S.K.: 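Questions regarding the structure given below will be posed in turn.
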Amino acid sequence: MVLPEELERNFRTELKRYREENRMPYITGFERDGMVQNARESVIEVLQIRFEVVPENAIAILNTIENLPQLKQLHRQAVTVESLQEFEQILAQIQAD
């Protein structure tokens with residue numbers, strides 16, 4: 001659902017005010033979901049750039065991961081692994097845990 005521009009602006013202004021008043025970072029569930037989805041997409045994009053084709057089972061496993069720090073670590077590993085098979089082994093270990 002997309003808010004009309006005016007409501008979106010009001011929401012952001014009110015959220016900013018609330019954060020400043022409470023002096024604490026606040027991430028909404030929607031923001032967190034977006035961050036997780038973006039992290040997943042970043043991992044997949046790196047794998048596509050490096051290895052061209054990303055197996056559907058690897059994408060399916062990535063889509064089950066909700067842990068943002070873990071996805072960030074997988075992003076770093078996607079950049080540094082020697083092969084797609086090595087990355088798939090990392091995913092298999094995550095699934096086994």
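Quantities reported herein were computed from a predicted structural model and do not represent experimental measurements. Side-chain atoms are counted along with the backbone in the values below, which use heavy atoms only and exclude waters and symmetry mates.
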S.K.: Evaluate the criterion side chain to side chain contact (heavy atoms under 4.5 Å, CB included) for residue pair Leu74 and Ile94; output intermediate values, then yes/no.
M.R.: CA-CA 10 Å; Leu74 285 170; Ile94 288 171; 3.6 Å; yes
S.K.: Side chain to side chain contact (heavy atoms under 4.5 Å, CB included) with Val43: which of Gln73, Arg76, His75?
M.R.: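 Of all the options given, the one that passes is His75.
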S.K.: With side chain to side chain contact (heavy atoms under 4.5 Å, CB included) as the criterion, how do Leu71 and Met35 come out once you've worked through the C-alpha distance, each side chain's angles and the decisive distance to 0.1 Å?
M.R.: CA-CA 10 Å; Leu71 286 166; Met35 292 167 69; over 6 Å; no
S.K.: Got Val81 and Arg50 here, is their nearest side-chain heavy-atom distance under 4.5 Å?
M.R.: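 In contact.
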S.K.: Quick one: does Arg12's side chain get under 4.5 Å of Lys16's, heavy atoms only?
M.R.: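 Heavy-atom side-chain distance check fails, nothing below 4.5 Å.
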S.K.: Between the main-chain N or O of Gly34 and the side-chain N or O of Asn38, is there a donor-acceptor pair closer than 3.5 Å?
M.R.: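 Such a contact is absent between Asn38 side chain and Gly34 backbone.
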S.K.: If I take atom CZ from residue Phe87 and atom CG from residue Leu62, how far apart are they, to the nearest 0.5 angstrom?
M.R.: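 Those atoms lie 5.0 Å apart.
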S.K.: Looking at Arg40 and Glu45, does any basic side-chain N land under 4.0 Å from a carboxylate oxygen?
M.R.: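 Answer for the salt bridge query: no.
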S.K.: Are any side-chain N or O atoms of Glu8 and backbone N or O atoms of Pro4, one a donor and one an acceptor, separated by less than 3.5 Å?
M.R.: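 Side chain of Glu8 to backbone of Pro4: no pair is present.
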S.K.: For Thr28 and Arg32, run side chain to side chain contact (heavy atoms under 4.5 Å, CB included): C-alpha distance rounded to whole Å, both residues' side-chain angles, the deciding distance at 0.1 Å, then the answer.
M.R.: CA-CA 6 Å; Thr28 66; Arg32 187 188 175 292; over 6 Å; no
S.K.: Scan side-chain atoms only and decide if Gln37 and Glu41 contain a donor-acceptor pair under the 3.5 Å cut-off.
M.R.: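 Side chains of Gln37 and Glu41: pair found under 3.5 Å.
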S.K.: Can you measure from CD (Glu88) to CG (Asn57) and round to the nearest 0.5 angstrom?
M.R.: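 The CD atom of Glu88 sits 5.5 Å away from the CG atom of Asn57.
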S.K.: Can you find a pair of side-chain heavy atoms, one from Leu84 and one from Pro55, that are under 4.5 Å apart?
M.R.: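 Answer yes - side chains close enough.
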S.K.: Report yes or no: do Val46 and Val36 belong to one cluster of Ile/Leu/Val/Met/Phe/Trp/Tyr joined by side chain heavy-atom distances under 4.5 Å?
M.R.: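 Different clusters: Val46 never reaches Val36 through Ile, Leu, Val, Met, Phe, Trp or Tyr contacts under 4.5 Å.
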S.K.: So do Gln95 and Leu91 actually touch side chain to side chain, heavy atoms under 4.5 Å?
M.R.: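 Contact flag for Leu91/Gln95 side chains = no.
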S.K.: Between CG of Leu47 and OG of Ser42, what distance do you get to the nearest 0.5 Å?
M.R.: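 Separation between the atoms: 11.0 Å.
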